[in-house]
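Let me begin by presenting the structure, written as structure tokens, before commenting on it.
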Amino acid sequence: MFALIDCNNFYASCERAFNPSLVGKPIVVLSNNDGCVIARSNEAKSLGIPMGAPAFEYKYLFERHNIAVFSANFALYGDMSSRVMTILSGYSPNQEIYSIDECFLDLSGMLVDLQEHGLAMRKHVLKWTGIPVSVGIAPTKALAKAANRIAKKFTDRTGGSYVIDTEEKRIKALKWLLVEDVWGIGRRNARKLNAIGVKTAYDFCLLSKTWVLNNMTIVGVRLQDDLNGIPTLDMEPVELKQSIATTRTFENDYRTYDEVKERVCTFAVTCAEKLRQQHSLCNRIEVFIQSNRFREDDEQYSNSVVVKLPFPTSSSIEIVEFAVQGLKSIYRQGIGYKRAGVVLMNFVQDTEYQQSLFYKSNPKHAPLMEAMDKLNDKFGTKVRLAAQDKKTHKMRQEKLSPKYTTSLKGIINVNL
DNA sequence: TCTGGGGTCCTAGGACCC
DNA sequence: TCTGGGGTCCTAGGACCC
């Protein structure tokens, strides 16, 4: 049996956990630059605020309904996530952290009442962190996802935990679950399925394997098996990242090469830092730039390039060099750029990799990077490369809550 | 004025091999 | 007249997830 534990409205719940006056009130959390809505409390959802809603278009609604608006506080959410995950890891020897707010637990062979087990997790996490979670338990991952949906949707009846452990319950769940809500069926496939009259997960399960294979590839077939109760999707061990990206939308349109270049250099450095944290070296760097797609009056241009490195490296200096080389090859004058990004790919471990006979990473860089990382880690002040931003680019974050759990300045002060 | 960011996996088709 | 057959590896792009 698999359990899928999912935090309810995670970012909104994190804000609420440290600000109890928000209980029962609508909350939205905005993306970087306070751009769009990326999380909503149930109250905000029922006011009709869609996921991804541009904040400026909904400002009026926020004010009219007295909605609590927050800038994304990823320091807080990341820390709360690890607290929740740590607690849940005590409920099974095998945990797969699937995203910042969800994890799977392998419950096979555990001699417990599963419903009680689920309720216990929920109670434990709520009491220790203030974050409400829903628990779905079933013989396969896809069914656990479905069970989780039921637990969340019918909390009053389920207590926030639902187990699919009989054929009747499986069929009932599948008939209830709309095909577009099935984990692994996105917009595209949902449209294709609706077109042939498939409305529910149950309908999908009745389709012939051949049709599914031809129209949805092997991915669809696996999903179908999983929903039919044949465990096909297994626990996946947490491994090192296969790609690391830093991409940003700018505050306004950049029209000069230097502005774009400085940002790209900083993105490259951020990526390199993350790369060194997992002790990898990269062999490829992708750089992309995009004009402002919302400005219909302006010329549109976007392009990307993949730079193949002559040797694997994690040196910020070298990664910046190659990123700039890539940027030069795609940069076009006269465009107002609104977004850019750097993606590192094709990793090897820094202790074991095939060296090139002719080229190698500058050996002086490794100790230098180590020193930089230590300084930046310890003092928070950035030791930078000269190529990086001259000025600090401040994201718009007008509604940022304190870093309650990760900064002494953010700690809650209680006056008795 | 203003519109997010970071991932994984699969496949078709090209380039190459014998 | 007539143009084989069987592979591997790589990559760009698509689809999906949160």
Side-chain angles (χ1 to χ4, degrees), chain A residues 4-11 28-39 49-60 62 69-74 77-78 81 96-104 141-142 145 148 179-193 213-223 232-234 236-253 267 270-271 274-275 278 283-284 286 288 290-297 303-306 308 336 338-347 395-398:
Chain A
L4 187 265
I5 301 95
D6 183 319
C7 299
N8 302 347
N9 314 320
F10 182 54
Y11 297 168
V28 297
V29 178
L30 306 180
S31 63
N32 280 347
N33 274 325
D34 292 345
C36 348
V37 173
I38 54 169
I49 296 164
M51 187 66 173
F56 73 93
E57 281 179 12
Y58 283 80
K59 209 172 171 186
Y60 171 71
F62 295 162
V69 181
F70 289 94
S71 305
N73 185 345
F74 289 113
Y77 311 150
S81 170
E96 175 190 339
I97 297 175
Y98 181 69
S99 75
I100 193 165
D101 74 332
E102 302 176 33
C103 73
F104 287 101
K141 277 179 143 184
K145 270 275 187 183
N148 183 285
V179 75
E180 58 264 37
D181 294 335
V182 173
W183 180 51
I185 294 184
R187 271 223 310 271
R188 228 139 165 141
N189 280 320
R191 211 182 314 145
K192 215 184 283 181
L193 289 164
L213 182 64
N214 289 339
N215 291 277
M216 301 173 67
T217 77
I218 189 69
V219 182
V221 175
R222 282 182 203 147
L223 180 61
T232 307
L233 312 170
D234 208 348
E236 285 173 22
V238 257
E239 303 210 342
L240 299 176
K241 290 209 179 356
Q242 297 174 28
S243 67
I244 289 174
T246 305
T247 68
R248 286 290 176 281
T249 300
F250 307 140
E251 317 78 70
N252 42 43
D253 298 359
F267 299 162
T270 307
C271 284
K274 294 186 209 165
L275 186 66
Q278 66 166 38
N283 277 296
R284 251 166 233 224
E286 180 179 353
F288 70 81
Q290 289 170 4
S291 56
N292 189 343
R293 65 196 169 104
F294 295 103
R295 278 190 63 170
E296 285 165 11
D297 54 323
N303 205 348
S304 71
V305 62
V306 175
K308 294 178 190 174
K338 180 64 173 168
R339 203 166 100 86
V342 173
V343 188
L344 308 186
M345 295 169 300
N346 289 47
F347 300 160
M395 270 191 299
R396 197 168 62 194
Q397 287 186 309
E398 289 170 1

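Below, each value reflects all heavy atoms present in this structure, side chains not excepted, and no hydrogens, waters or symmetry copies. Naming: A, B, ... by sequence-line order, numbering from 1 per chain.
The shortest distance between side-chain heavy atoms of A:Lys141 and A:Trp183 falls below 4.5 Å. Under the 4.5 Å side-chain criterion, counting only non-hydrogen atoms from C-beta, A:Val29 is not in contact with A:Phe10. Residues A:Lys308 and A:Asn346 fail the side-chain proximity criterion, which asks for heavy atoms closer than 4.5 Å.
In terms of heavy atoms, A:Ala245 sits closest to A:Cys271 at C-SG, 3.8 Å. Smallest separation of non-hydrogen atoms from A:Ala190 and A:Glu180: CB-CB, 3.7 Å. Contact record, A:Asn189 with A:Asn215: OD1-O, 4.1 Å, taken as the closest heavy-atom pair. For A:Glu398 against A:Ser71, the heavy-atom pair with the smallest separation is N-OG, 3.3 Å. The two residues A:Ala340 and A:Phe267 come nearest to each other via the heavy atoms O-CE1, 3.5 Å.
Using a 4.0 Å cut-off, no side-chain N or O of A:Arg339 falls inside it from OP1 or OP2 of B:dT3. At B:dT3, none of the side-chain N or O atoms of A:Arg295 fall inside 4.0 Å of OP1 or OP2 (strictly under the cut-off). When the side-chain nitrogen and oxygen atoms of A:Ser243 are compared with OP1 and OP2 of B:dG6, none of them lie within a distance under 4.0 Å.
For A:Ile218, counting side-chain heavy atoms from C-beta on, the closest listed nucleotide (B:dT3, B:dG4, B:dT11) is B:dT11. Of all nucleotides listed (B:dG7, C:dT11, B:dG4), B:dG7 comes nearest to the side chain of A:Ala245. With B:dG5, B:dC10, B:dT8 as the choices, the nucleotide that has an atom nearest any side-chain atom of A:Gln242 turns out to be B:dT8. Comparing atom distances between the A:Arg248 side chain and each of B:dG6, B:dC10, B:dG4 picks out B:dG6 as nearest. Of the candidate nucleotides B:dT3, B:dC9, C:dT11, C:dT11 has the atom nearest to the side chain of A:Lys308.
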Letter per nucleotide, 5' to 3', of nucleotides 13-18 of chain C [B base touched, S only sugar-phosphate touched, - untouched; heavy atoms, 4.0 Å]: --SSSS
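One atom, CG of A:Leu223, and another, P of B:dC9, lie 16 Å apart when rounded to the nearest Å. Going from atom CD of A:Glu57 over to atom P of B:dT1 covers 13 Å, rounded to whole Å. Going from atom CG of A:Leu344 over to atom P of B:dT8 covers 12 Å, rounded to whole Å. For A:Phe288 and B:dG6, the CZ to P distance is 8 Å, given to the nearest whole Å. What separates CE of A:Met216 from P of B:dA12 is a distance of 15 Å, to the nearest Å. Taking atom CG of A:Leu233 as the reference point, atom P of B:dC9 lies 12 Å away to the nearest angstrom. Whole-Å rounding puts the A:Glu251 CD to B:dC2 C1' distance at 12 Å. The distance from atom CZ of A:Phe70 to atom C1' of B:dG4 is 19 Å, rounded to the nearest whole Å.
In terms of the salt bridge (Lys or Arg N to Asp or Glu O under 4.0 Å) criterion, A:Glu286 has no residue partners (sequence neighbours excluded).
Using a 4.0 Å heavy-atom cutoff across all strands shown, A:Arg284 reaches sugar-phosphate atoms only and no base atom. A:Lys338 comes within 4.0 angstrom of the backbone, heavy atoms only, and of no base. Backbone-only engagement by A:Ile244 is indicated by non-hydrogen atom pairs under 4.0 Å involving sugar-phosphate atoms exclusively.
Using a 5.5 Å limit on the distance between ring centres and a 30° limit on the angle between planes, the aromatic ring of A:Phe294 counts as stacked on the six-membered base ring of B:dT3.
Taking atom P on both nucleotides, B:dT3 is separated from C:dC18 by 26 Å, rounded to a whole Å.
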Dot-bracket pairing map - DNA chain C, Watson-Crick plus G-U, both contacts under 3.5 Å, | cross-strand: ....||||||||||||||
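Take the nearest nucleotide of DNA chain B for A:Lys59 and for A:Ser31: the residue whose nucleotide is more 5' is A:Lys59. Between A:Asp34 and A:Thr246, the one whose closest nucleotide on DNA chain B sits nearer the 5' end is A:Asp34.
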Side chain to side chain contact (heavy atoms under 4.5 Å, CB included) between A:Tyr77 and A:Asp101, intermediate numbers included: CA-CA 9 Å; A:Tyr77 311 150; A:Asp101 74 332; over 6 Å; no
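Going from atom CD1 of A:Ile38 over to atom OG of A:Ser31 covers 6.0 Å, rounded to the nearest 0.5 Å.
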